[in-house]
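Data first, discussion second: the structure below is written as structure tokens.
Just the heavy atoms: all of them, side chains too, but no hydrogens, waters or symmetry mates, feed the values below. In what follows, every chain begins at residue 1, and chains take the letters A, B, ... in the order their sequences are listed.
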Amino acid sequence: MGTSSSASTPERRAAAILAVVERIPRGRVTTYGSVAARAGLPRQARLVGKVLASLPPRSGVPWQRVVAAGGRIAFPEGSPSRTRQVRLLRAEGIDAARGRVDLKRHGWGAPDGGDLDRWLWSREGE
DNA sequence: GGCGTGACTATAC
DNA sequence: GGTATAGCCACGC
């Protein structure tokens, strides 16, 4: 096509990122880096943050389900955003009161309702 | 078109 | 557990 073709524009990348975030099931969380990877944008975790930051209030996008590496809440303690995120997560059954979420239990891809220990043991030889 | 910015991440101490 | 430091990379001015 014409120029160095804009097969991928910033807007398109943002759309890809939001599409992934919207697919995170209720009661689950994932990380910035994972969202980026799933959106086909490896190493662009920061872009994910930027896109979410530009989200208007009440967008309907479950931004609260995106956390930093290791399940950490990205916002500084005491910040309004942090308080908001913790409240939203709590509303869907996720405890983030201590500033982090247990990815083993609530990470996207973790076992559903089953017994965690059993699930962990079942992958012992991988 | 260079340069600062950031809701990131990994590593080291 | 925490702080420091250094890569990372698209975006926007």
Under 3.5 Å, which donor-acceptor pairs link side chains of residues 66-86 of chain A to any protein atom two or more places apart or in another chain?
{"unit_1": "A/S79", "atom_1": "OG", "unit_2": "A/P76", "atom_2": "O", "d": "2.8"}
{"unit_1": "A/S79", "atom_1": "OG", "unit_2": "A/R82", "atom_2": "N", "d": "3.3"}
{"unit_1": "A/R82", "atom_1": "NH1", "unit_2": "A/F75", "atom_2": "O", "d": "2.7"}
{"unit_1": "A/T83", "atom_1": "OG1", "unit_2": "A/S79", "atom_2": "O", "d": "3.2"}
{"unit_1": "A/Q85", "atom_1": "NE2", "unit_2": "A/Q64", "atom_2": "O", "d": "2.9"}
{"unit_1": "A/Q85", "atom_1": "NE2", "unit_2": "A/V66", "atom_2": "O", "d": "3.2"}

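- Considering CZ of A/R100 and CG of A/D95, their distance stands at 10.5 Å, rounded to 0.5 Å.
- The side-chain heavy atoms of A/I24 and A/V29, taken from C-beta on, include no pair separated by under 4.5 Å.
- Closest of all the heavy-atom pairs between A/V21 and A/P62 is O-CG, 3.4 Å.
- Within residues 81-97 of chain A, no residue has any heavy atom closer than 4.0 Å to DNA chain C.
- Residues forming a side-chain contact (heavy atoms from CB on, under 4.5 Å) with A/R26 (at least two apart in sequence, or on another chain): A/R65, A/E92.
- Looking at residues two or more places apart in sequence or on another chain, you find no salt bridge (charged side-chain N to carboxylate O under 4.0 Å, His left out) involving A/E22.
- Separation of atoms OG (A/S34) and CG (A/L103) is listed at 8.5 Å; rounding is to 0.5 Å.
- Listed for the A/R28 side chain is a donor-acceptor partner under 3.5 Å among the backbone atoms of A/A110.
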Which donor-acceptor pairs under 3.5 Å do side chains of residues 44-54 of chain A form with protein atoms, sequence neighbours excluded?
{"unit_1": "A/S54", "atom_1": "OG", "unit_2": "A/V51", "atom_2": "O", "d": "2.7"}

**Request:** Encode nucleotides 8-13 of chain B as B, S and - characters from 5' to 3', where the letter depends on protein heavy atoms closer than 4.0 Å: B to the base, S only to sugar-phosphate, - to neither.
**Result:** BSS---
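- Against DNA chain C, the stretch residues 35-44 of chain A makes heavy-atom approaches under 4.0 Å through A/R43, A/Q44.
- Rounded to whole Å, atom P of C/dA10 lies 17 Å from atom CG of A/L52.
- Mapping A/R100 and A/K50 onto DNA chain C by nearest heavy atom places A/R100 at the nucleotide closer to the 5' end.
- Summarising the geometry, the separation between CD1 on A/I17 and C1' on B/dG6 is reported as 14 Å, rounded to the nearest angstrom.
- Scored by the side-chain contact (heavy atoms from CB on, under 4.5 Å) test, A/P10 finds A/R13 as partners (sequence neighbours excluded).
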List every contact pair, protein side and nucleotides 3-5 of chain C side both N or O, where the distance is under 3.5 Å.
none

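- Considering only residues two or more places apart in sequence or on other chains, A/T30 meets the side chain to side chain donor-acceptor pair (under 3.5 Å) condition with none of them.
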